[in-house]
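Given the structure is predicted, the values throughout are model-derived calculations rather than measurements. Numbering of residues begins at 1 and proceeds along the displayed sequence.
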Amino acid sequence: ADVIGVPKTNVYFSKNTLSFRMVKLSEKKLDVTNLVLLEFDEQYDLYEKPILTPEKVTVFGPAEVLDTLSRVFTESILVERINNNRELYVKLHNPVPGLLKFEPEEVIIKLRVEKFTASSIEIPIDAPGLRQTIKLFPKTVTVHFKVAQKDYNNVRASQFEAVTDI
């Protein structure tokens, strides 16, 4: 049974007869969930969300097994020391290899990586909707943030807001 990928419960023996219980294959398109763990070199990080290609795969198997699946997962692997753009070819995890087949069997995960720096900016505190004149102390706050080095010169105080909740 293991050699031909059939569960042992579906194989019956008698003295002269070998029989199999066959099941019609069905198919289902499912979303892929990325389980790849990423570890970056110091100061490096993702610049944008990883891109999975394809985002959905076709799964073939018995209808009663496909009905239990809501998504497909990549293999859980660790990729270390990332400091540049990468294209990862990752196999899909098959929970029932003897019964299910994926098309395709792997996905491509594109990583856009940039070097980041920490910075800070001082911005005023806003107190909208106050009918009374209230003196705020302090009048400004310092916002600390992490930004891709290539975007550093595009950061402006107007992109941040500090608002009171009075």
Side-chain angles (χ1 to χ4, degrees), residues 26-97 99-166:
S26 296
E27 68 179 72
K28 185 176 184 180
K29 272 214 175 275
L30 294 173
D31 291 325
V32 178
T33 297
N34 179 11
L35 293 183
V36 174
L37 299 171
L38 306 172
E39 285 188 4
F40 296 88
D41 280 350
E42 192 171 329
Q43 289 191 287
Y44 288 88
D45 208 341
L46 285 173
Y47 187 69
E48 60 188 26
K49 182 180 166 188
I51 299 169
L52 265 68
T53 307
E55 293 178 348
K56 291 180 178 277
V57 296
T58 304
V59 183
F60 299 92
E64 62 270 8
V65 176
L66 292 178
D67 289 345
T68 66
L69 301 176
S70 59
R71 60 186 52 255
V72 172
F73 299 94
T74 65
E75 291 289 339
S76 181
I77 61 172
L78 173 63
V79 182
E80 299 177 293
R81 302 192 46 85
I82 301 170
N83 60 17
N84 56 10
N85 294 338
R86 296 267 179 101
E87 211 170 82
L88 308 173
Y89 293 82
V90 182
K91 290 190 179 294
L92 297 172
H93 173 70
N94 189 338
V96 194
L99 291 179
L100 299 177
K101 175 148 177 53
F102 299 141
E103 183 57 44
E105 294 180 346
E106 68 180 12
V107 293
I108 300 169
I109 302 173
K110 291 182 183 177
L111 306 176
R112 190 158 169 217
V113 176
E114 290 290 338
K115 192 170 188 177
F116 282 73
T117 187
S119 189
S120 61
I121 197 164
E122 194 169 297
I123 61 171
I125 299 174
D126 188 18
L130 286 180
R131 295 186 182 160
Q132 306 169 14
T133 304
I134 295 178
K135 191 171 193 174
L136 296 175
F137 182 78
K139 292 183 180 194
T140 62
V141 293
T142 301
V143 177
H144 299 275
F145 56 92
K146 190 168 99 170
V147 62
Q149 284 185 346
K150 72 180 202 165
D151 295 331
Y152 182 80
N153 291 329
N154 298 329
V155 177
R156 304 282 178 260
S158 61
Q159 295 169 313
F160 300 89
E161 186 176 51
V163 181
T164 61
D165 186 17
I166 300 176

Worksheet entry | Value rounded to 0.5 Å, distance of CG in Leu35 from CG in Leu78 | 13.0 Å

Item to complete: Sort and list the pairs that fulfil ring pair (Phe, Tyr, Trp, His ring centres under 6.0 Å) and have at least one residue in residues 46-78, not counting sequence neighbours.
Response: none

Worksheet item: Nearest heavy-atom pair of Val107 and Pro54: which atoms, and what distance?
Response: CG1-O, 3.8 Å

Fill in: Nearest heavy-atom neighbours spanning Leu100 and Gly61
CD2-CA, 4.0 Å

Worksheet entry | side-chain hydrogen bond (donor to acceptor under 3.5 Å, both in side chains) against Lys29, all qualifying residues, sequence neighbours excluded | Thr58

Worksheet item: So which heavy atom on Glu122 is nearest to which on Thr140, and how close?
Response: OE2-OG1, 3.0 Å

Fill in: Distance-minimising heavy-atom pair for Pro104 and Leu92
O-CD1, 3.5 Å

Item to complete: Rounded to the nearest 0.5 Å, what's the gap from CD1 on Ile108 to CG on Leu52? Could you check?
Response: 10.0 Å

Practice prompt. Show the numbers, then the answer: is there a side chain to side chain contact (heavy atoms under 4.5 Å, CB included) between Val59 and Asn94?
Written response: CA-CA 10 Å; Val59 183; Asn94 189 338; over 6 Å; no

Fill in: Results of side-chain hydrogen bond (donor to acceptor under 3.5 Å, both in side chains) for Lys101 - residues two or more places apart only
Glu105

Item to complete: Compare every heavy atom of Ile82 with every heavy atom of Tyr44, then report the nearest pair and how far apart it is.
Response: CB-O, 3.8 Å

Worksheet item: Is any side-chain heavy atom of Asn84 less than 4.5 Å from a side-chain heavy atom of Val113?
Response: no

Response to the item:
Distance col, row Glu48:CD vs Glu114:CD, nearest 0.5 angstrom, shows 9.5 Å

Worksheet item: How close do Val141 and Ala162 get, heavy atom to heavy atom, and via which atoms?
Response: CG2-CB, 3.8 Å

Discussion item. Using 0.5 Å steps for rounding, measure from the CD1 atom of Ile125 to the CD1 atom of Ile123.
Written reply: 8.0 Å

Discussion item. Please determine whether the number of non-hydrogen atoms from other residues, nucleotides or ligands lying under 6.0 Å from atom CD of Glu87 exceeds 12.
Written reply: yes

Worksheet item: Okay, side chain of Asp31, backbone of Lys56: is any donor-acceptor separation there less than 3.5 Å?
Response: no

Fill in: Sequence neighbours excluded - ring pair (Phe, Tyr, Trp, His ring centres under 6.0 Å) pairs with any residue from residues 137-166
Phe145-Phe160

Worksheet item: Hey, mind stepping through Gln159 and Ile121 against side chain to side chain contact (heavy atoms under 4.5 Å, CB included) and telling me if it holds?
Response: CA-CA 10 Å; Gln159 295 169 313; Ile121 197 164; over 6 Å; no

Fill in: Partners meeting side-chain hydrogen bond (donor to acceptor under 3.5 Å, both in side chains) with Lys115 (sequence neighbours left out)
none

Practice prompt. Just grab all the side-chain hydrogen bond (donor to acceptor under 3.5 Å, both in side chains) pairs involving residues 70-82, residues at least two apart or on different chains.
Written response: Thr33-Arg71

Item to complete: Answer yes or no: does atom NZ of Lys91 have more than 12 heavy-atom neighbours from other residues, nucleotides or ligands under 6.0 Å?
Response: no

Worksheet item: How far does CD of Glu27 sit from CG of Leu66, to the nearest 0.5 angstrom?
Response: 9.0 Å

Discussion item. For a side chain to side chain contact (heavy atoms under 4.5 Å, CB included) check, start with the C-alpha distance between Ile77 and Leu88, then their side-chain angles and the critical distance, and finish with the verdict.
Written reply: CA-CA 11 Å; Ile77 61 172; Leu88 308 173; 5.7 Å; no

Discussion item. Please report the interatomic distance CG(Asp45) to CG(Leu111), rounded to the nearest 0.5 Å.
Written reply: 10.5 Å

